[in-house]
Amino acid sequence: ANKGRLYRVYDPDPVAEKLAKATKELLFAGMEHRSNEELADLLAHRDRRVRLAAQLALVERGDAGRSRLLAVARESNHPLARLHAIWGLGIAGRSDASLIAPLLPLLADPDAEVRAQTAKVVGDARYREATEPMLPLLKDPSPHVRMLAATAIGKLENPQVIEPLLEMLRANADR
């Protein structure tokens, strides 16, 4: 009593066990020996740890890896693969903000989460040239997109965007 309890929960399903074992082997083998194509495919893996490892491996591969990430961000049908590609390019863009420029068309993507995460990455990279393309996101139908765009625009430290930010806040009317 009053000491808590520990419970062990597991799925006895042999299919789940096989998937877990395959994932363990995949992670143990590492990403270094895999091709850029294979790493791009792993961005759509079920396990977040595998997606993250593939994302970071592509970032470390320089221009070839980053061009593969950009292709996935623009063309993939898998939503998580696209987001991991955007995040990977954001990591690279923190050391070289010019790498963020190819992401700007994604600010107008049909997928709200792609728009939101692209805005976040742009702001984190402090890519000031993105101020104008990000202003329309302050009127986006998605509150999540508006919030991340406003935060990102604030990180760009452009005093000329104060009025659009205030207009967004007024339109939000404390909702």
Side-chain angles (χ1 to χ4, degrees), residues 11 13-137 140 142 144-149 151-156:
D11 185 355
D13 181 10
V15 173
E17 188 176 312
K18 287 179 186 175
L19 289 173
K21 186 177 180 181
T23 299
K24 181 179 178 181
E25 290 170 0
L26 183 68
L27 289 170
F28 185 75
M31 301 292 158
E32 298 79 25
H33 67 284
R34 300 182 193 284
S35 70
N36 289 348
E37 240 355 271
E38 186 178 2
L39 290 171
D41 290 342
L42 288 175
L43 292 174
H45 195 275
R46 302 173 59 148
D47 193 293
R48 184 185 70 75
R49 296 167 300 173
V50 174
R51 293 191 307 268
L52 182 60
Q55 166 192 321
L56 295 174
L58 284 168
V59 170
E60 291 173 3
R61 294 201 176 173
D63 291 340
R66 289 191 298 265
S67 66
R68 197 66 210 119
L69 285 169
L70 184 59
V72 171
R74 289 179 175 168
E75 302 162 9
S76 178
N77 292 326
H78 193 280
L80 286 174
R82 294 185 76 199
L83 295 179
H84 276 279
I86 291 166
W87 296 329
L89 290 166
I91 290 168
R94 288 180 189 165
S95 59
D96 181 2
S98 67
L99 297 172
I100 298 298
L103 286 175
L104 295 184
L106 296 177
L107 292 170
D109 196 85
D111 185 334
E113 195 59 30
V114 168
R115 292 191 306 274
Q117 294 304 317
T118 302
K120 182 180 183 319
V121 162
V122 167
D124 288 346
R126 308 277 199 267
Y127 187 65
R128 290 196 170 120
E129 290 82 356
T131 303
E132 282 297 316
M134 287 211 317
L135 287 176
L137 295 182
D140 197 272
S142 166
H144 184 61
V145 172
R146 290 193 305 268
M147 184 263 307
L148 287 178
T151 303
I153 287 170
K155 289 179 180 181
L156 301 181

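Being a predicted model, the structure only gives us computed values, none of them experimental.
- No donor-acceptor pair under 3.5 Å is formed between the side chain of Arg126 and the backbone N or O of Ala97.
- Note that the CG atom of Asp41 and the OG atom of Ser35 stand 7.5 Å from one another [nearest 0.5 Å].
- Applying the salt bridge (Lys or Arg N to Asp or Glu O under 4.0 Å) test to Arg94 and every residue at least two apart in sequence or in another chain returns Asp124.
- The two atoms that bring Asp109 and Arg115 nearest to each other are O-NH1, 2.7 Å, heavy atoms only.
- The two residues His144 and Ala116 make their nearest non-hydrogen contact at CD2-CB, 3.6 Å.
- Not counting sequence neighbours, the partners of Arg68 by the salt bridge (Lys or Arg N to Asp or Glu O under 4.0 Å) test are Glu37.
- Here Ala29 pairs with His33, Arg34 under the side chain to side chain contact (heavy atoms under 4.5 Å, CB included) rule; sequence neighbours left out.
- The two residues Ile100 and Gly93 have their closest heavy-atom pair at CD1-CA, 3.7 Å.
- In this structure, Leu43 and Leu58 have side chains that are in contact, with non-hydrogen atoms separated by less than 4.5 Å.
- To the nearest 0.5 Å, the span separating CE on Met134 from CD on Glu129 amounts to 11.5 Å.
- Nearest heavy-atom pair, Ala130 versus Leu156, reported as atom, atom and distance to 0.1 Å: C-CD1, 4.3 Å.
- Listed by first and then second residue, the ring-ring contact (aromatic ring centres under 6.0 Å, His included) pairs involving residues 45-69 amount to none (not counting sequence neighbours).
- Within 6.0 Å of CG on Asp96 lie more than 12 heavy atoms contributed by other residues, nucleotides or ligands.
- Judged by distance alone, the side chain of Ser95 and the main-chain N or O of Ala92 form a donor-acceptor pair under 3.5 Å.
- Here the options are Asp140, Val145, Thr118, the test is side chain to side chain contact (heavy atoms under 4.5 Å, CB included), and the partner is Leu107; only Thr118 passes.
- A distance of 9.0 Å separates CD1 in Ile86 from CD in Glu113, rounded to the nearest 0.5 Å.
- Counting only heavy atoms from C-beta outward, the side chains of Leu89 and Leu99 never approach each other to under 4.5 Å.
- Contact between Asn36 and Ala64 at its shortest, heavy atoms only, is ND2-CB, 3.6 Å.
- Here the CD-CD1 distance, from Glu132 to Ile153, works out to 9.5 Å after rounding to the nearest 0.5 Å.
- Between the Arg51 side chain and the Arg46 main chain, a donor and an acceptor come within less than 3.5 Å of each other.
- Every pair passing ring-ring contact (aromatic ring centres under 6.0 Å, His included) that includes a residue from residues 86-105 is listed here, sequence neighbours excluded: His84-Trp87.
- Counting heavy atoms from C-beta outward, Lys24 and Lys21 have side chains that stay 4.5 Å or more apart.
- Atoms CD and CG, from Glu75 and Leu70 in turn, are 8.0 Å apart once rounded to the nearest 0.5 Å.
- For the residue pair Ala112 and Ser142, the shortest heavy atom distance occurs at CB-CB, 4.1 Å.
- The shortest distance between side-chain heavy atoms of Arg49 and Thr23 falls below 4.5 Å.
- Residues Val50 and Met31 meet the side-chain proximity criterion, which asks for heavy atoms closer than 4.5 Å.
- Every residue two or more places apart in sequence or in another chain that forms a side chain to side chain contact (heavy atoms under 4.5 Å, CB included) with Ile91 is listed here: Gln55, Leu56, Val59.
- Side-chain contact between Leu103 and Val121: present, with at least one pair of heavy atoms (C-beta onward) separated by less than 4.5 Å.
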